[in-house]
Amino acid sequence: MRNEHVRPEPGHAKHATPNPQNLSVETTRLSLTPLSASTPNPSQSALPVRPGDIDAFMAVFADKNSARMTHAIPHPLSRSEAESLLARMSSTPFSHWAIRLEDEQLIGIISLTRSTCGTAGDIHSFGPNLSVFIAPAHQGQGYAIEATDGLLRWVKKRRLHRIIHAAHFADNEASARALITADFLYTGRKTLETSLARDGEHLALHMIRIL
């Protein structure tokens, strides 16, 4: 995999907290850029949120099968709802990252958040919660695994977290395979979770990866 690439800002110390607009974690086929609501500098060639991103963002989450595997994304997903969701994701730097191909096309979102996952408490003792979503047209090509490995390498290098948590609905076999391939292990913890895109409660299985 390629090393991460950080474009330093003039006048900033080498080890200063990176500006989301200047950070790109590179893997073999992908670039991970943190979503940010900051006003971009027009002179910059790579921006966290770009004009065409909302259409690509909708391609990731508007699919019914994708929405059913989330807690908080409704189906159908309107454009205004997608715009609000993207704005919320962009409000906290380094929590949500755009997954982009070499041509800068957004094909997915990967996140590390402290959002509650599990109706029982104490989930945060396992570390932040990882989630990865790839647009249906780009699924089945290993992009979720590659993005996960790239982001967690970045996290480990900076010693930001020691343990990463993830969970998936029991009927989400694709996520199960991807997380296992990405070296996540089942903890044995199971919870009943809801989704805006499906009725009732559904079994979720919890996993961790130690960095």
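FYI, side chains are in, hydrogens and waters are out, and symmetry mates aren't considered; it's all heavy atoms of this structure.
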I'd like to know if [Y] and [X] are part of one continuous hydrophobic network [Ile/Leu/Val/Met/Phe/Trp/Tyr, side-chain heavy atoms within less than 4.5 Å].
X      : Y      : result
Leu86  : Leu196 : no
Leu185 : Ile210 : no
Met58  : Leu35  : no

Rounded distance [0.5 Å steps], [atom1] in [X] versus [atom2] in [Y]:
X      : Y      : atom1 : atom2 : answer
Arg100 : Thr27  : CZ    : OG1   : 13.5 Å
Gln105 : His138 : CD    : NE2   : 4.0 Å
Arg88  : His96  : CZ    : NE2   : 9.5 Å
Ile134 : Gln141 : CD1   : CD    : 9.5 Å
Ser31  : Ile99  : OG    : CD1   : 11.0 Å
Thr70  : Asn172 : OG1   : CG    : 10.5 Å

**Report entry** Residue from His168, Lys190, His165 passing side chain to side chain donor-acceptor pair (under 3.5 Å) with His206
**Finding:**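 Exactly one candidate clears the test, His165.
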Query raised in the report: Would you say the side-chain atoms of Glu201 and Thr194 include a donor-acceptor pair closer than 3.5 Å?
Result: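 No, no side-chain donor-acceptor pair sits under 3.5 Å.
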Query raised in the report: Cut-off 3.5 Å, side chains only: do Thr113 and Ser95 have a donor facing an acceptor?
Result: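 No, Ser95 and Thr113 have no side-chain donor paired with an acceptor closer than 3.5 Å.
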Requested in this report: Answer yes or no: is there a side-chain heavy-atom contact under 4.5 Å between His202 and Ser195?
Outcome: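 No - every pair of side-chain heavy atoms lies 4.5 Å or more apart.
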Query raised in the report: Do His75 and Asp63 pass the side chain to side chain contact (heavy atoms under 4.5 Å, CB included) test, and can you show the C-alpha distance, the side-chain angles, and the key distance before you say yes or no?
Result: CA-CA 8 Å; His75 181 82; Asp63 177 72; over 6 Å; no
Query - Check against side chain to side chain contact (heavy atoms under 4.5 Å, CB included), Thr148 and Asp183 - result: CA-CA 10 Å; Thr148 297; Asp183 295 329; over 6 Å; no
Query raised in the report: Closest heavy-atom contact between Asp149 and Arg153?
Result: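 Of all heavy-atom pairs spanning Asp149 and Arg153, the closest is OD2-NE, 2.6 Å.
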Query - Which atom of Leu106 lies closest to which atom of Ala98, heavy atoms considered - result: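 Heavy-atom minimum between the residues: CD1-CB, 3.7 Å.
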Query - Step-by-step ring-ring contact (aromatic ring centres under 6.0 Å, His included) determination, His71 to Phe169 - result: CA-CA 10 Å; His71 292 279; Phe169 284 113; 5.6 Å; yes
Requested in this report: Go through Val132 and Tyr143 one step at a time and tell me if the side chain to side chain contact (heavy atoms under 4.5 Å, CB included) criterion holds.
Outcome: CA-CA 10 Å; Val132 189; Tyr143 289 133; over 6 Å; no
Query raised in the report: Sub-3.5 Å donor-acceptor pair from the side chain of Glu146 to the main-chain atoms of Arg29, do we have one?
Result: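 Yes.
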Requested in this report: Please answer whether the main-chain N or O of Arg198 pairs with a side-chain N or O of Arg68 as donor and acceptor at a distance below 3.5 Å.
Outcome: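 Side chain of Arg68 to backbone of Arg198, a donor-acceptor pair under 3.5 Å: no, none is there.
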Requested in this report: Apply side chain to side chain contact (heavy atoms under 4.5 Å, CB included) to Met207 and Ile180, showing your working.
Outcome: CA-CA 9 Å; Met207 308 176 76; Ile180 290 171; 4.0 Å; yes
Query raised in the report: Sequence neighbours excluded, which residues qualify as ring-ring contact (aromatic ring centres under 6.0 Å, His included) partners of Phe133?
Result: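 With neighbours one apart ignored, the set is Phe61.
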Query raised in the report: Parallel, tilted or perpendicular for Trp97 and Trp154, by the 30°/60° rule?
Result: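 Taking Trp154 first and then Trp97, their aromatic rings stand perpendicular (interplane angle over 60°).
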